[in-house]
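Working notes, structure below.
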Amino acid sequence: MTSRCQRPQCGRRLTDPASQRRGYGPDCYRMMFGRSAPLDPAGPVGPATLFDLPDAPPIDAPPPSRDARRTARQAEAIRRGYHPLGVALRTNIPLHPEAPRSVNRTAPGLRCGSCLLRVVPLREVSGAYPKCKFGGDWRRATGGPGTDVRAWWPACHDFRPKA
């Protein structure tokens with residue numbers, strides 16, 4: 001509740017309780033909002049009533065990020081029996097027969113974290129993230145996050161146990 005009008009260049013004293021609650025006198029309210037002041041003292045007042053849409057549809061959630069979409073594609077590849085690294089390489093790399101076929105990180109089976117081929121390359125373009133060294137020529141590695149090999153991923157058919 002204010003005792004003075006909030007319209008710039010006005011500042012007149014407000015005497016009636018409805019105007020004090022609105023913060024504007026009747027004339028200033030009409031000038032500011034293009035309509036007369038609401039008659040119902042308990043009703044909504046001010047500029048917020050201009051945007052109230054009673055039957056407006058809910059606001060959609062923002063689309064998933066690029067990383068979230070890649071993670072979903074990798075999870076789907078695991079469920080189908082393929083290694084998630086194949087998603088970034090656009091090829092199907094079969095899972096090891098003893099590897100788990102679920103995204104459950106605690107399921108028993110062979111994992112990439114215990115593979116000899118999972119190493120951190122000493123290259124400038126790949127950063128300090130583990131990659132797969134299969135073939136010796138980094139054919140399964142790029143400079144992006146799509147080929148970063150997670151330790152919890154199920155092992156592929158080229159799995160080599162660490163000594």
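Keep in mind that what you see is a predicted model, and the values were worked out from it rather than measured. Note: hydrogens, waters and symmetry copies are ignored here, and every other heavy atom, side chains too, is used.
In this structure, His83 NE2 and Gln74 CD are separated by 9.5 Å, a value rounded to the nearest 0.5 Å. Summarising the geometry, atom CG belonging to Asp27 is positioned 9.0 Å from atom SG belonging to Cys10; distances are rounded to the nearest 0.5 Å. Atom NE2 of His96 sits about 13.5 Å away from atom CZ of Arg111, to the nearest 0.5 Å. Arg150 contributes atom CZ, which lies 9.5 Å from atom OH of Tyr129 (distance to the nearest 0.5 angstrom). Taken from SG in Cys156 to CG in Leu110, the straight-line distance is 10.5 Å, to the nearest 0.5 Å. Between the CZ atom of Arg118 and the CG atom of Asp148 there is a distance of 9.5 Å, given to the nearest 0.5 Å.
Thr147 approaches Lys131 most closely through the heavy-atom pair OG1-NZ, 3.1 Å. Considering every non-hydrogen atom in both Pro100 and Gly109, the closest pair reads CD-CA, 3.8 Å. Pro94 and Asn92 make their closest contact through CD-O, 3.6 Å (heavy atoms, listed as atom of the first residue, atom of the second, distance). Closest non-hydrogen pair, Arg139 versus Leu89, comes out as O-CD2, 4.3 Å. Across all their heavy atoms, Gly146 and Ala88 have their closest contact at O-CB, 3.4 Å. When every heavy atom of Ser102 is checked against every heavy atom of Ala107, the shortest pair comes out as OG-CB, 4.0 Å.
Using a 4.5 Å cut-off on side-chain heavy atoms (C-beta onward), Arg140 and Ile93 make contact. In this structure the side chain of Pro63 never reaches within 4.5 angstrom of the side chain of Arg69, judged on heavy atoms. Residues Arg79 and Arg101 have side chains not in contact (no heavy-atom distance under 4.5 Å, counting atoms from C-beta outward).
Using a 4.5 Å cut-off between side-chain heavy atoms of Ile, Leu, Val, Met, Phe, Trp and Tyr, with links allowed through other members, Val149 and Ile78 fall into the same hydrophobic cluster. In the hydrophobic cluster analysis, where Ile, Leu, Val, Met, Phe, Trp and Tyr join through side-chain heavy atoms closer than 4.5 angstrom, Leu85 is grouped together with Val103.
Heavy atoms from other residues, nucleotides or ligands lying under 6.0 Å from CZ of Arg12 number 12 at most.
With Cys115 as the fixed residue, the side-chain contact (heavy atoms from CB on, under 4.5 Å) test singles out one of Phe134, Trp153, Phe159: Phe159.
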Q: Begin with the C-alpha distance, continue with both residues' side-chain angles, and end with the deciding distance and a verdict on side-chain contact (heavy atoms from CB on, under 4.5 Å) for Tyr82 and Thr91.
A: CA-CA 9 Å; Tyr82 295 106; Thr91 183; over 6 Å; no
